[in-house]
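Here the structure is laid out as structure tokens; the discussion comes afterwards.
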Amino acid sequence: MLSTLNPFAPPPSPSSSSSTRPPPPSNPSLPLRPSPTPQISSHLFSHPSSLLLELCSDPRELRQFLPLVIKHGLFHEHIFQTKLLGLFSRFGHLQEAALVFDSIADKTDDLYHSMLKGHAKHSPLDKTLAFFCTMKHSQVCPVVYNFTYLLKSCGDNADLARGREIHSQLIANGFSSNVFTMTAVVNMYAKCRRVDEARKMFDRMPERDSVAWNAIVAGYAQNGLAEGALGMVVRMQDDGVAPDSITLVSALPACTNIRSLRAGKSVHGVAIRAGFDSLVNISTALVDMYSKCGAIEKARLVFDRMRLKNVVSWNSMIDGYGQSGDAEQAIRLFKKMLAQGFEPTDVTIMCALHACGELGDLEEGRFVHEMLTRLGLGSDASVMNSLITMYSKCKRVDLAAEIFECLKAKTLVSWNAMILGYAQNGRTDDALRLFSMMQWENVKPDSFSLVSVIPALADLSVLRQAKWVHGYAIRLCLDGNIFVRTALIDLYAKCGRVNMARKLFDTIHERHVTTWNAMIDGYGTHGFGKSAIELFEEMKRSPVKPNNITFLCVLSACSHAGLVDEGQKYFASMKKDYGFEPGMDLYGSMVDLLGRAGKLDEAWDFIQKMPIKPGISVYGAMLGACKIHKNVQLGEEAAKRLFELDPEDGGYHVLLANIYAAASMWEDVARVRTMMEKNGLQKTPGCSSIDLKNEVHTFYSGSTNHLQAERIYARLDRLIDEIKAVGYMPDTESIHDVEEDVKEQLLNTHSEKLAIAFGLINTSPGTPIQIRKNLRICTDCHNATKFISQVTEREIIVRDIQRFHHFKNGRCSCGDYW
DNA sequence: GTCCTTTCCG
């Protein structure tokens with residue numbers, strides 16, 4: 001700015017202190033130009049003109065000035081030393097400030113105060129306090145603002161111990177009723193999350209100005225105590241202090257926090273009446289409040305009416321769209337922001353990445369990735385964490401892993417994001433590997449880590465691991481966390497321990513909607529439809545409102561238990577009583593409900609009447625029902641439409657082939673197989689696994705590579721004879737083009753049977769056997785297992801991809817209805 | 001010379 005200064009302008013009046021000084025002129029384009037140093041002539045360095053130094057708005061200009069100061073021998077003049085020191089410390093160049101400071105022989109108190117301020121604003125807390133100590137040792141008398149700066153620094157570092165120390169020193173220095181220091185004390189305690197202590201100090205203040213009130217309002221708001229914050233806003237008015245814009249900008253996030261549109265609107269009203277609503281920070285907070293309170297259109301209205309927007313305003317609106325599920329609008333606004341020439345910040349990038357992830361838009365995601373690299377945000381941990389999540393959501397967990405591996409400053413969030421990414425992309429082993437690795441690297445898992453890894457364990461359904469992670473959660477003192485507990489409920493249910501799940505459920509008093517959903521679904525997959533319904537009815541009487549997932553769980557429970565009327569009733573109630581518009585999965589559930597129960601025509605009719613175009617899940621359910629009830633004609637219809645939707649999963653083709661096979665339509669079976677090959681679709685090989693003595697044993701159909709293979713096959717041979725003796729008939733009708741005995745042989749070596757035989761050999765009599773199958777259990781194995789449970793007097797629990805089957809005394813809990 | 005807005009993982 002030096003070139004813009006008029007050297008002939010009258011010098012500022014000597015009485016003008018720094019507090020009333022106008023802000024330094026700022027022209028962002030100027031500091032980039034080389035400074036016209038030679039044009040500055042030495043006559044400027046008369047004493048009044050030394051004030052010029054103060055007008056330096058950036059350290060660069062200061063550095064350009066310095067050689068001149070030295071050249072003209074002014075460096076040792078007190079006024080220059082004072083000003084230089086002040087400037088260096090204001091700009092955070094503490095080393096240079098210290099150089100000036102140390103060179104001064106007889107230091108005035110002012111110089112100490114100036115140094116302390118610089119340290120408090122720019123140095124680590126340790127250094128600041130060390131300087132404060134030397135200051136006291138040099139017999140410098142502390143002043144009010146020494147303490148306010150020190151306390152702010154303690155608050156920013158959330159260093160309660162040091163905060164208390166400063167607090168007591170302040171009392172010793174007789175500042176305990178000063179409104180400035182005490183406001184800083186209130187703020188410090190609030191920042192250290194000790195709102196009660198902050199409040200105690202606030203109540204003890206002999207007088208309170210609006211700043212003091214703002215400190216306590218913000219204190220409550222930032223600690224998630226919205227009611228406290230809003231209560232204090234009321235109290236301050238009763239006390240005759242009018243809320244200012246700072247009060248309101250703190251009160252708004254409090255309304256946002258409790259999602260209270262009503263409170264937010266009333267603050268908006270106050271802001272309008274006081275004329276604060278045109279302030280950029282107020283209107284930005286309003287945008288955030290409205291969008292988070294579910295009034296996204298109103299947020300957009302406020303946003304569009306803003307005459308002045310800053311990056312934060314844009315970020316709030318973009319994130320508002322992202323959080324309310326409108327990722328497309330978020331991206332559109334992001335583009336608009338770029339078009340208007342705003343430079344995205346780390347926050348903008350994170351919001352944009354979130355939206356890309358939601359949309360699964362890899363191309364856009366890559367574009368944002370390139371942009372953030374250009375912007376130099378490639379080492380910002382938060383940004384990189386968002387990138388990991390974006391790539392994971394776009395099903396490119398490989399790219400996510402690449403980012404994670406290269407990320408130098410991994411945070412706990414990075415680990416959590418990567419674990420979740422693996423878990424959600426079916427990379428269970430990698431999720432578990434990372435979870436144990438993080439502990440090797442001394443990163444302590446938190447509730448998010450557990451909530452990410454537990455579903456991966458639920459995928460494996462190994463009870464031993466479930467118990468281990470439960471114990472681990474207890475040791476980490478995280479088992480009380482509602483989301484961890486909910487994940488554990490789901491885990492126990494998926495490990496076949498629905499009673500244990502219920503026990504955990506009963507210990508939770510403040511249940512989240514997902515807690516109810518997990519338990520209802522647990523009952524549903526175990527075929528306990530009645531229990532699921534009872535629990536749902538209990539939920540309706542609780543303060544927690546069901547969401548559309550709840551209805552999905554309830555309908556699937558009804559479907560697995562054959563409760564057709566109940567299911568239909570709930571489907572109707574969902575729209576009528578709760579106003580939920582059913583999604584594709586719910587329609588699929590309804591088709592499943594009707595179809596499984598044999599009401600195939602009704603199911604088909606239901607599909608024709610759907611208000612939205614039926615998707616894969618709907619025709620998939622129809623096809624599955626046609627397989628159960630051996631309906632070739634409707635099966636073909638469903639498959640035709642299903643294949644038009646181009647599913648990536650080859651399972652539907654297999655389903656159709658099985659429908660044909662059951663009807664002995666072998667040419668059609670062959671046709672479907674050819675079609676699969678042509679489309680590059682593969683049948684997922686069926687496999688069954690069983691957990692034994694800390695090891696998971698996995699079997700594929702006919703596999704002979706197990707160490708105990710000989711014993712297993714021998715036991716299986718005997719087993720087949722035993723169950724045949726009590727009435728088992730091999731279901732060979734769905735196998736074609738081989739001899740009868742080969743058919744039997746093929747059936748007998750199904751993975752389910754191998755796993756059961758292995759379990760029988762290796763466990764003592766009476767021990768329940770638990771198997772996990774990656775596809776649906778086959779009809780013959782289901783039948784055989786019933787007989788096996790009878791002849792061996794074992795309880796056999798099979799979890800297939802759809803549900804649980806509890807076999808006992810020759811019967812299955814699904815009532816052969818699955 | 002104190003107080004204030006936006007953001008990542010469930």
Side-chain angles (χ1 to χ4, degrees), chain A residues 17-21 90 113-114 117 120-121 143-149 151-152 155 178-188 190-191 209-219 221-222 244-253 256 276 279-289 291-292 310-320 322-323 344-354 357 380-390 392 411-421 423-424 446-455 481-484 486-487 512 514:
Chain A
S17 73
S18 53
S19 61
T20 53
R21 187 188 62 216
R90 173 141 57 98
H113 298 157
S114 182
K117 176 181 173 179
K121 292 215 164 182
V143 293
V144 168
Y145 51 84
N146 292 153
F147 287 107
T148 56
Y149 286 128
L151 286 164
K152 180 155 167 58
N178 179 286
V179 67
F180 288 100
T181 52
M182 287 316 287
T183 300
V185 167
V186 168
N187 184 45
M188 181 276 293
K191 288 264 163 64
D209 59 5
S210 60
V211 178
W213 281 100
N214 289 345
I216 194 72
V217 168
Q222 285 168 4
D244 60 14
S245 70
I246 306 289
T247 322
L248 301 187
V249 90
S250 302
L252 280 169
T256 310
F276 294 143
L279 293 174
V280 68
N281 56 352
I282 292 277
S283 38
T284 297
L286 282 168
V287 167
D288 185 54
M289 183 277 294
S291 68
K292 292 221 172 83
N310 61 21
V311 199
V312 181
S313 324
W314 285 93
N315 292 350
S316 301
M317 195 63 236
I318 294 170
D319 183 56
Q323 297 296 322
T345 65
D346 51 346
V347 178
T348 322
I349 296 294
M350 285 189 267
C351 298
L353 288 174
H354 178 86
D380 182 312
S382 297
V383 170
M384 296 319 264
N385 295 344
S386 298
L387 201 54
I388 290 170
T389 301
M390 183 278 291
S392 302
T411 62
L412 178 56
V413 176
S414 321
W415 288 90
N416 291 349
M418 197 62 237
I419 291 171
L420 187 71
Q424 290 182 337
D446 68 353
S447 61
F448 289 95
S449 329
L450 286 175
V451 169
S452 306
V453 80
I454 292 175
N481 178 288
I482 178 78
F483 297 108
V484 171
T486 298
H512 190 258
T514 54

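Every chain is numbered from 1 and lettered A, B, ... according to where its sequence line falls, protein lines coming before strand lines.
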> F483(A) has a side chain; which of dT6(B), dT2(B), dG10(B) sits nearest to it?
Replying inline: dG10(B)

>> Starting the side chain at C-beta, find the nucleotide from dG1(B), dC3(B), dC9(B) nearest to K117(A).
In response: dG1(B)

If you look at every strand shown and take non-hydrogen atoms under 4.0 Å, does [X] touch a base, only sugar-phosphate, or nothing?
X       : value
N385(A) : base
T389(A) : sugar-phosphate
V451(A) : sugar-phosphate
K121(A) : nothing

>> I'd like to check the side-chain contact (heavy atoms from CB on, under 4.5 Å) partners of S386(A); sequence neighbours left out, ordered by chain and number.
In response: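 Testing S386(A) for side-chain contact (heavy atoms from CB on, under 4.5 Å), a comparison that skips the adjacent residues, returns M350(A), L353(A).
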
> In chain order, what residues pass the side-chain contact (heavy atoms from CB on, under 4.5 Å) check against K152(A), with sequence neighbours excluded?
Replying inline: D156(A)

Does a side-chain N or O from [X] land closer than 4.0 Å to OP1 or OP2 of [N], or not?
X       : N      : value
Q222(A) : dC4(B) : yes
H113(A) : dG1(B) : no
K152(A) : dC3(B) : yes
Q323(A) : dC8(B) : yes

>> Could you check whether the side chain of N281(A) and the base of dC4(B) have a donor-acceptor pair of N or O atoms closer than 3.5 Å, going by distance alone?
In response: yes

> Going by 5.5 Å between centroids and 30° between planes, is there a stack of F180(A) over dT2(B)?
Replying inline: no

